[in-house]
Amino acid sequence: MEELKRIVLNQETEEDVVTSLSVRPASLQDFIGQKDLVANIRISIEAAKQRKEPLEHMLFSGPPGLGKTSLAHIIAHEMNSRLTYTSGPAIARAGDFIGILTNLSAGDILFIDEIHRLSKSVEEFLYPAMESFKIDFIVDKGPYAKTINFNLKPFTLIGATTRSGLLASPLRDRFGIQHHLDFYEPEDLAGIIANAAKKLSLTIDAPSSLEIARRSRGTPRIAIRLLKRVRDFAQVNTGSPSITLDQVLHAMDSLKVDEQGLDEFSRKILRVIIETYSGGPVGVEALAATLNEEVDTLVDVVEPYLLKAGFLRRTSRGREVTDKARKHISCSKK
Ligand code: ADP
């Protein structure tokens, strides 16, 4: 069950981190899909290069696994700059953050993942740092307190968030460029799968890529993960690194990932709303408690696709299943 949950939960696992290193797109050209966003980023990069200035601070929002981190790496590569990676929860104290900021060189990119989880005290440092590349740090207390000013090198902050709604507006407003990443179309995912297969030295035909793509919940991370699971099946069953539609269908069946890309965990959520809460509306806290899951996991990771694909509806009184979900669940019971 844990493995199945991980296929549907687009959160990054250790295996993903390792795979990412080999399949991550290296340049904007390799980055498939999100055409308008890529075109806009290309212009921003070109303009900054022409002005010989660092890029404006950029915010990427959207569900996990859609390419926010990859884009930050690509931008650093295209700007010939160094990327420093950190995340909101990793910066516990303002002191740690000052260390990171003062180590940045001119033109560097500071990538902060899950930026909505920065603590308030750290966030306060970020405002002057983003605005005027300065920070004021107060040492000691009471009459002995004194302010130390640090001048920073001009850098670019790239923030990524799955919940842009949780960002304080003064923080959000300091990003000159803001982009939202949406779920991918199956055709784009099929392209991502074909590229990843090449990098993993696998052969896969077009119908097989498209079949995996259709079951990947619009998410490149899930697409690549499913490709690797299918590779395991193909290798064990045929001893060959070639993937055919038969093997894809067989693997999906074993992994219990259905034609809609839902796995046991997504179906369980819908089933609980239907059977325990008469189809809803049910508050997300109650639902999380019944499922023994974190509210954040449901809201950030599982729910966005169920909403997008029309299985769930969000109402003022909570979550409700749709007719499509009822049909899907009653068919999948058989
Ligand atoms: P996020 O930061 O949004 O959670 P990542 O950038 O870590 O997502 O992407 C997850 C995985 O999907 C990575 O392995 C990455 O290589 C791959 N990926 C994401 N978007 C694309 C894309 N547009 N083209 C090719 N691969 C992608």
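When a ligand or atom number is given, it counts from 1 through the structure's own listing order.
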Smallest separation among heavy atoms of T161 and H116, with atom names: OG1-ND1, 2.7 Å
Heavy-atom gap P25 to ligand 1 smaller than 4.0 Å: yes
Option with minimal heavy-atom separation from atom 18 (N) of ligand 1, where the choices are G191, A223, P63, P220: P220
Partners meeting salt bridge (Lys or Arg N to Asp or Glu O under 4.0 Å) with K228 (sequence neighbours left out): E15
Pair Y305 and F311, ring centroids less than 6.0 Å apart: no
Distance filter under 4.0 Å to I224 heavy atoms, resulting ligand 1 atoms: 12 (O), 14 (O), 17 (C)
Heavy-atom closest contact (S105 atom, R82 atom, distance): OG-NH2, 3.7 Å
Closest non-hydrogen atom pair, S266 against L306: CB-CD2, 4.4 Å
Side chain to side chain contact (heavy atoms under 4.5 Å, CB included) partners for K134, two or more places apart: S132, N151
Contact check: I192 vs ligand 1, nitrogen or oxygen atoms, below 3.5 angstrom: no
Backbone or side-chain N or O of P64 under 3.5 Å from ligand 1 N or O: no
Atoms in ligand 1 with a heavy atom of R24 nearer than 4.0 Å: 7 (O), 16 (O)
From G33, S61, S70 - option closest to atom 15 (C) of ligand 1 by heavy atom: S70
Parallel, tilted or perpendicular: ring planes of H57 versus F175, cut at 30 and 60 degrees: perpendicular
Ligand 1 atoms in contact with T69 (distance to a heavy atom under 4.0 Å): 1 (P), 2 (O), 6 (O), 7 (O)
Residue portion contacting ligand 1 (non-hydrogen atoms closer than 4.0 Å) for Y184: side chain
